[in-house]
Amino acid sequence: MKASMFRSVEAALRRGISSSSSSSSTYSSSHLLRRFHSSESSPDRKVAVLGAAGGIGQPLSLLMKLNPLVSKLSLYDIAGTPGVAADVSHINTRSEVAGFMGDDQLGQALEGSDVVIIPAGVPRKPGMTRDDLFNINAGIVKSLCTAIAKYCPNALVTMISNPVNSTVPIAAEVFKKAGTYDEKKLFGVTTLDVVRAKTFYAGKAKVPVAGLNVPVVGGHAGITILPLFSQATPKSNLSDEEITALTKRTQDGGTEVVEAKAGKGSATLSMAISVAKERVWLFLDPLLQSVRIGYKLTKFLFYSSCGGHHLHGPTLYAGAIFADACLKGLNGVPDIVECTFVQSTITELPFFASKVKLGKNGVEEIYGLGPLSDFEKQGLESLKPELLASIEKGIKFANQS
């Protein structure tokens, strides 16, 4: 990471605000900065990012540092974390930052955590399936979850590491063996699928993406991803052919990014922000109303944050959104609802992604699927065998040793 990048963030934002002449912005720079830096009397919350030196982990750590709900930020990886932590720590927001590296410091990184975010492992490359990822990431997840069970058994655990359809069941089995499993506190982050479904639907239906809602259920890979466009609000009269095409594009969104990046990255930017959400954007939104400032700022934050390497946009976005939702739920904010992959009884499958209400203890309520179109009913039945196989694969791996 560039040594001066994080130290320059606030200065860049101040310059952007003062130079913007957009009449749509009603906020002064001082008002915005006060709002951004205010903790709003939020309780102390420690967030640990496991895999903090990676392509998702670095910019996700930045977004967590910007989130006023975080009071302590613990960054862990097998290497490189002290530099990331030192850089992030220079941002003058509420949270204290500490970096930890190697197996001997993992326990210290986790102790006292309220939320643990796991982006550790390798991203997909061209030609790689999520099953290929399994062979690499399954062992990493198992090891990290063993430590979580020991050092912060009551934390909310949000799983980004793919394949989520298998890594979440691995985590569940590890926690069961340790006697610490709480089905309300383990989540697979599928927010990225919702982000994509909203974006693609808005583009085709010619409706504003702001305020758009599209539930996405099932799993987090290929045909197991089922966007429920029949329940999209506001509604739009798209043809059956258009709905089919949108569904296919949502399911293949990850592959689209991997191929477009030609082997130099996967969807990490959008995933990382899918795990910080609106608390950050309460501050950034007025800036982003200016295309000129917004483009430069976004490029500055996300391209520079990893030394100019190709990043994974929607993945970052998704990760940050979901982490923020978990923190709000823990703090008692009402009506926090996100789609996420959890232990569930709404189908015969042991794990399933659907709309979930988050609260002080994690999962507060799992919502049913609601009315489905014939196309969605067919998709639901088609995804079940593949999703079940992925779940069973994770369970088998966790119980092998």
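Because the structure is a prediction, the values reported are computed rather than measured.
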- Message: Has S113 got a side-chain atom pairing as donor or acceptor with V116's backbone, closer than 3.5 angstrom?
- Response: no
- Ignoring hydrogens and angles, tell me if any N or O in the side chain of S143 forms a donor-acceptor pair with the backbone of G139 under 3.5 Å. no
- Item | CG/L212: more than 12 non-hydrogen atoms of other groups inside 6.0 Å | yes
- Check whether more than 12 heavy atoms from other residues, nucleotides or ligands sit under 6.0 Å from atom NZ of K184, and answer yes or no. no
- Message: Just by distance, no angles: are the side chains of T244 and E241 close enough, under 3.5 Å, to form a donor-acceptor pair?
- Response: no
- side chain to side chain contact (heavy atoms under 4.5 Å, CB included) between V342 and V168: does it pass, once the steps are laid out? CA-CA 8 Å; V342 295; V168 169; over 6 Å; no
- Message: Checking D44 now: which residues fulfil side chain to side chain donor-acceptor pair (under 3.5 Å) with it, not counting sequence neighbours?
- Response: R94
- With no hydrogens and no angle check, is any side-chain donor or acceptor of D87 less than 3.5 Å from a backbone partner on G83? no
- Message: Is it true that, when you exclude D103 itself, more than 12 heavy atoms of the residues, nucleotides or ligands shown sit nearer than 6.0 Å to its CG?
- Response: no
- Note on the structure: Looking only at heavy atoms, the pair that brings P82 and M101 closest together is CD-SD, 3.9 Å
- Can you measure from CD1 (I225) to SG (C339) and round to the nearest 0.5 angstrom? 12.0 Å
- Query: What pair of heavy atoms forms the shortest contact from G218 to L387, and how long is it?
  - Reply: O-CD2, 3.7 Å
- Task: Mind checking the CG-CD spacing from L383 to Q251? Nearest 0.5 Å is all I need.
- Result: 8.5 Å
- Query: Just by modelled atom types, is the N162 backbone N or O under 3.5 Å from a matching donor or acceptor in the T167 side chain?
  - Reply: no
- Give a yes or no on this: more than 12 heavy atoms of other residues, nucleotides or ligands lie within 6.0 Å of atom NZ of K150. no
- Message: Would you say T93 and K65 are linked by a side-chain donor-acceptor pair, where the criterion is simply a distance under 3.5 Å?
- Response: yes
- Which pair of heavy atoms, one from A232 and one from V214, lies closest together, and at what distance? CB-CG2, 3.9 Å
- Query: Which ring pair (Phe, Tyr, Trp, His ring centres under 6.0 Å) pairs, counting each pair once, include a residue from residues 136-184, with sequence neighbours left out?
  - Reply: none
- Message: I need the L133 CG to S166 OG distance, nearest 0.5 Å.
- Response: 10.5 Å
- Beyond-backbone contact of T340 with V189, side-chain heavy atoms, under 4.5 angstrom: no
- Task: Give the C-alpha distance, both sets of side-chain angles, the deciding distance and a yes or no for side chain to side chain contact (heavy atoms under 4.5 Å, CB included) between V217 and L369.
- Result: CA-CA 8 Å; V217 303; L369 296 177; 3.9 Å; yes
- Message: What verdict does the side chain to side chain contact (heavy atoms under 4.5 Å, CB included) test give for T233 and N213, after you've listed the backbone C-alpha separation in whole Å, the side-chain angles of each residue and the deciding distance to 0.1 Å?
- Response: CA-CA 5 Å; T233 54; N213 182 39; 3.5 Å; yes
- Message: Taking the side chain as everything from C-beta on, heavy atoms only, tell me whether I160 gets closer than 4.5 Å to L60.
- Response: yes
- Whether over 12 other heavy atoms sit under 6.0 Å from K393 NZ: yes
- Item | Distance in Å, S61 OG paired with L75 CG, rounded so as to fall on 0.5 Å steps | 4.0 Å
- Below 4.5 Å, heavy atoms only, C-beta onward: do T158 and I118 meet side chain to side chain? no
- Message: When you measure from the side chain of D77 to the backbone of A52, do you find a donor-acceptor pair of N or O atoms at a distance under 3.5 Å?
- Response: yes
- Do K357's NZ or CZ and the ring of Y367 fall within the cation-pi criteria of under 6.0 Å and 45°? no
- Task: Classify the side-chain pair T191/E338 by whether it contains a donor and acceptor separated by less than 3.5 Å.
- Result: no
- Query: Rounded to the nearest 0.5 Å, how far apart are CD1 of I395 and CD1 of I170?
  - Reply: 10.0 Å
- Y201 side chain to S236 main-chain N or O, any donor-acceptor pair under 3.5 Å? yes
- Task: Verify the neighbour count for atom NZ of K204: are there more than 12 heavy atoms of other residues, nucleotides or ligands below 6.0 Å?
- Result: no
- Item | Heavy-atom check, side chain of I117 versus side chain of L50, under 4.5 Å | no
- Message: So does S71 get a backbone contact from the side chain of E96, meaning a donor-acceptor N/O pair under 3.5 Å?
- Response: no
- Message: Tell me if the centroids of the rings in F229 and F375 come within less than 6.0 Å of each other.
- Response: no
- Item | Under-4.0 Å salt bridge between R45 and D114 | yes
- Message: Could you check whether E173 pairs with K142 (Lys NZ or Arg NE/NH1/NH2 to Asp/Glu carboxylate O, under 4.0 Å)?
- Response: no
- Message: How close do K377 and L372 get, counting heavy atoms only, and between which atoms?
- Response: CE-O, 3.4 Å
- Query: Is a donor on one side and an acceptor on the other found under 3.5 Å between the side chain of S390 and the backbone of E386?
  - Reply: yes
- Message: For a ring pair (Phe, Tyr, Trp, His ring centres under 6.0 Å) check, start with the C-alpha distance between F187 and F322, then their side-chain angles and the critical distance, and finish with the verdict.
- Response: CA-CA 10 Å; F187 308 89; F322 193 76; 5.4 Å; yes
- Distance-only polar pair, side chains of N67 and D324, donor-acceptor under 3.5 Å: yes
- Query: Going from CD on Q343 to CG on L186, what distance comes out if it is rounded to the nearest 0.5 angstrom?
  - Reply: 8.5 Å
- Message: Checking L69 against V47 for the side chain to side chain contact (heavy atoms under 4.5 Å, CB included) test, could you report, in this order, the C-alpha distance in whole Å, the side-chain angles of both residues, the deciding distance, and whether it holds?
- Response: CA-CA 10 Å; L69 299 181; V47 173; over 6 Å; no
- Could you tell me which residues satisfy side chain to side chain donor-acceptor pair (under 3.5 Å) with E364, sequence neighbours excluded, listed by chain and number? none
- What heavy-atom pair brings A109 and A48 nearest, and what distance separates the two atoms? O-CB, 4.0 Å
- Under the 3.5 angstrom rule, does the side chain of K46 hit a backbone N or O of E111 as a donor-acceptor pair? yes
- Message: Would the distance check show the side chain of E242 and the main-chain N or O of S239 forming a donor-acceptor pair, the cut-off being under 3.5 Å?
- Response: yes
- Query: What heavy-atom pair brings G99 and Q105 nearest, and what distance separates the two atoms?
  - Reply: O-OE1, 4.2 Å
- Message: Under a 3.5 Å cutoff, is there a donor and acceptor pairing between the side chains of T224 and N165?
- Response: yes
